[in-house]
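Notes for the one structure printed next.
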Protein chains: 2
Amino acid sequence: MKNVVKVTVNDVAELAGVSPSTVSRVISNNPKISQETRDKVQKCMEELGYYPNAIARSLARSMTGTIGVIMPTRKEDLFLNPFFPEALRGIVKGASAEGYDLLLSTNTEKSGELTVIKNFIRGSKVDGIILMSSKVSDECVDYLRSVDFPFALIGSTFRFDEKINHVDNDNYMAAYELTRYLSMIGRKRIAMIGGDERLTVTQKRIEGYRKALTESNLPFEDSLLFTGKFDEETGYKYGSEIAKMMPRPDALIVTDDLIAFGAVKVFRLMNISIPEDIAVASFNNSVLSRYSDTPITSVDINATALGEGSVKVLVEAIKGVRGKKIIIPYTIYKRQSTEGKAP
Amino acid sequence: MKNVVKVTVNDVAELAGVSPSTVSRVISNNPKISQETRDKVQKCMEELGYYPNAIARSLARSMTGTIGVIMPTRKEDLFLNPFFPEALRGIVKGASAEGYDLLLSTNTEKSGELTVIKNFIRGSKVDGIILMSSKVSDECVDYLRSVDFPFALIGSTFRFDEKINHVDNDNYMAAYELTRYLSMIGRKRIAMIGGDERLTVTQKRIEGYRKALTESNLPFEDSLLFTGKFDEETGYKYGSEIAKMMPRPDALIVTDDLIAFGAVKVFRLMNISIPEDIAVASFNNSVLSRYSDTPITSVDINATALGEGSVKVLVEAIKGVRGKKIIIPYTIYKRQSTEGKAP
DNA sequence: CTGAAAGCGCTTACAG
DNA sequence: CTGAAAGCGCTTACAG
């Protein structure tokens, strides 16, 4: 790097005829410094083109002003739905507002999230950590809790929730409301395809679905509930099973648009009309659900707000607060797949 | 943070009965250290649970091991096509392989990219910078060049290309090939809707399109070329103009799937068949183009490889190399929108 | 309101 | 092959 001379507090101090301590205090806006001195020092900083070295500051203060973001490793998680980029955007927004930098996890498939977390913490690279995926194995949460390092979770765990700072939707209510809605419009046999059943989010949605069935006086049937992966294939596979059932379900709730897409595809192949023969409702409100030929009713979980909220609860965590939770409202977008031909 | 005692080189040194210098050399794998000493020190590090402080190391070495990533500010750029997350994934992959951490820009709408860049550089937070969007105003490139700070560009500028480390597709050839293909399948009037005409990528694609027309003995007509924004509306607007033209074009090349989507929508509304009446080909190979009811022929620019490549050329830049360029191959996925009913 | 001094935790010529 | 010493650039009790 040419054309750039390193200028330090000492250079500024010398030019201003004060001590480095004073320059430092001017930098950090210490109110004890007289206006006169402050002006003088500031003039000198400008004259020299001084800019504080963040690394040195971090070392001296044992605070980095940086938040570590642990992204999911698996490729699928990053692409198949818009959650990741939207949530990240929310995190960026939140971090900007709070004045934090963002350090991204660069974990390789094999090293794993925990390794990255340890590296961030023990290398003193960050002041706090955001776990973007509740899929993140519980060992990460365990570790973070064991060292009491500030962190925030997007999503929920079933364990420790009361002591963890996290941000989530009310997935129970969302599924409940969606199921009730399908019942309201006259659907009697409502099937469901969920994602990985070990995930908290899946479990909560199933709970909400069951509760709504009961309240609607519709029996819950094991044979109408499927769980699988977050992909088109899962939707295709269970969709075709559902299509062949006798009597056939007249509604289907799916926990991700891509799964829904697979189901819709197979229904169409089998000449089953949506929504006439079967209504379809989904989650995540992705491009697919909006732009699909039969636009699909979908729950928008507001990923950006989740991301932004995660920064807020993390900042609380950094301040020492534990157990802070933010619930982000969801929105159900009703579309043709449940509403009939009229939009 | 409880349960975590800070252990430093000095602690290790004391326990091992050596000097901190020696411990430091063991950490950095200095070959001059005897195997015996190395073993002893390593045993002590493990015993104490020692982990080097990255911040202190950065300060002492004036190298951070961190790459700054400048993301586009505008919301549209982050969502409307899969480029951003895919490229970011490539960057993550590349950075993992090269052993770098990633610092994300958290620029607010108003502060702008240049401010972030200056902050990264002058605060000594990063060893190099990746500009993710060639839309990044040239002032960033100018600044980075003026201070000769290592950086890499995803995309191209028209200026200085020979001195900048960057990674790009051959957009000229991609558009050329696509146009030739449409001509091969018998299309005679090929229209084009491009993105922002100030962008290098748009200009190169237009060049390729013109060249291919000429070589196919098809006249280039100004009235068949449109440029606008990367959104559905642009596609809808110019799509409807194209639909009304007499004689109507029998093929359309669009530089982004979302634009294509808008055009396809209006064609369908006007009962214009794809591909019978008009063939449609696009860029970016997004979910939309693949899953659309009429799957759209699209050029996959391989965003992940672009991201990964950008890390490679940046690492070269950090080593002092300038003017390194990597061309990432594209792939044309031919689909129903140009091929007829058969997939 | 300001300064001298010690410290944050590591690295690296220099000397032996 | 190893150590003593100075340094990276800032901050912060402590003292006045």
Side-chain angles (χ1 to χ4, degrees), chain A residues 1 4-42 44-45 48-66 119-127, chain B residues 1 4-42 44-45 48-66 119-127:
Chain A
M1 239 179 79
V4 175
V5 254
K6 277 269 155 99
V7 20
T8 71
V9 270
N10 298 301
D11 301 322
V12 178
E14 197 172 340
L15 181 64
V18 298
S19 76
S21 323
T22 300
V23 176
S24 172
R25 293 193 181 99
V26 170
I27 294 169
S28 50
N29 263 308
N30 186 316
K32 290 185 183 165
I33 299 293
S34 74
Q35 192 57 46
E36 194 182 2
T37 312
R38 183 183 306 278
D39 289 345
K40 184 173 56 181
V41 170
Q42 258 156 357
C44 293
M45 297 200 306
L48 295 176
Y50 172 75
Y51 203 89
N53 181 312
I55 298 290
R57 176 165 237 230
S58 297
L59 182 60
R61 305 188 60 191
S62 344
M63 284 177 46
T64 61
T66 302
N119 177 271
F120 278 2
I121 295 181
R122 304 175 68 182
S124 298
K125 294 178 178 176
V126 300
D127 296 340
Chain B
M1 239 178 79
V4 176
V5 255
K6 278 270 155 97
V7 20
T8 72
V9 270
N10 299 300
D11 302 321
V12 178
E14 197 172 339
L15 181 64
V18 298
S19 77
S21 323
T22 300
V23 176
S24 172
R25 292 194 181 99
V26 171
I27 294 169
S28 51
N29 262 309
N30 187 316
K32 290 185 184 166
I33 299 294
S34 73
Q35 192 58 47
E36 193 182 2
T37 312
R38 183 183 306 280
D39 289 345
K40 185 172 56 182
V41 170
Q42 257 156 357
C44 293
M45 297 199 308
L48 295 176
Y50 172 74
Y51 203 89
N53 181 312
I55 299 290
R57 178 165 236 230
S58 297
L59 183 60
R61 306 188 60 191
S62 346
M63 283 177 47
T64 61
T66 303
N119 176 271
F120 278 2
I121 296 180
R122 305 175 68 183
S124 298
K125 294 177 178 177
V126 300
D127 296 341

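Just the heavy atoms: all of them, side chains too, but no hydrogens, waters or symmetry mates, feed the values below. Not measured: the values here are computed from a predicted model. Per chain, numbering begins at 1; letters A, B, ... match sequence-line order.
What you find for B:Ser28 and B:Arg57 is that their closest heavy atoms are CB-NH2, 3.4 Å. When all heavy atoms of B:Ile27 and B:Tyr50 are compared, the closest pair comes out as CD1-OH, 3.5 Å. In plain terms, the two heavy atoms of B:Ile33 and B:Arg38 that are nearest each other are O-NH2, 3.4 Å. The two residues B:Ser124 and A:Ile55 have their closest heavy-atom pair at O-CG1, 3.3 Å.
Distances shown here put every side-chain N or O of A:Ser124 at or beyond 4.0 Å from the OP1 or OP2 atom of C:dG9.
The NZ-C1' distance, from A:Lys32 to C:dG3, rounds to 14 Å in whole Å. Regarding B:Ile33, its CD1 atom lies at a distance of 10 Å from the C1' atom of D:dG3, rounded to whole Å. Rounded to whole Å, atom P of D:dT2 lies 9 Å from atom CZ of B:Arg38. If you measure from atom CG of B:Leu59 to atom P of C:dC10, you get 12 Å, rounded to the nearest angstrom. Distance NZ (B:Lys40) to P (D:dG3): 8 Å, rounded to an integer number of Å. One interatomic measurement links the two molecules: CG of A:Asp39 to C1' of C:dT2, which rounds to 16 Å at whole-angstrom precision. Taking atom CD1 on A:Ile55 and atom C1' on D:dG9, their separation rounds to 11 Å, with Å as the unit.
Although no hydrogens or angles enter the test, the distance criterion places a donor-acceptor pair under 3.5 Å between the side chain of A:Ser58 and the main chain of A:Ala54.
The side chain of A:Ser19 lies closest to C:dG3 when the candidates are D:dT2, C:dG9, C:dG3.
For the 3.5 Å distance criterion, the side chains of B:Asp39 and B:Gln35 qualify, holding a donor opposite an acceptor. Side chain to side chain, A:Thr22 and A:Ser19 meet the donor-acceptor criterion of an N or O pair below 3.5 Å.
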Completion exercise
In 5'-to-3' order, the base (B), backbone-only (S) or no-contact (-) status of each nucleotide in nucleotides 11-16 of chain D, using a 4.0 angstrom heavy-atom cut-off, is BBBB--
Handout entry: Check against side chain to side chain contact (heavy atoms under 4.5 Å, CB included), A:Lys125 and A:Thr66
Key = CA-CA 7 Å; A:Lys125 294 178 178 176; A:Thr66 302; over 6 Å; no
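Between A:Thr8 and B:Asn30, the residue anchored nearer the 5' end of DNA chain D, judged by the nucleotide with its closest heavy atom, is B:Asn30.
For C:dG9 and C:dA13, the P atoms lie 23 Å apart once the distance is rounded to whole Å.
Checked options A:Val7, A:Leu15, A:Val12; the residue passing with A:Met45 is A:Val12 (criterion: side chain to side chain contact (heavy atoms under 4.5 Å, CB included)).
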Handout entry: Secondary structure of DNA chain D in dot-bracket form (Watson-Crick or G-U wobble, distances below 3.5 Å, | marking inter-strand pairs)
Key = |||.||||||||.|||
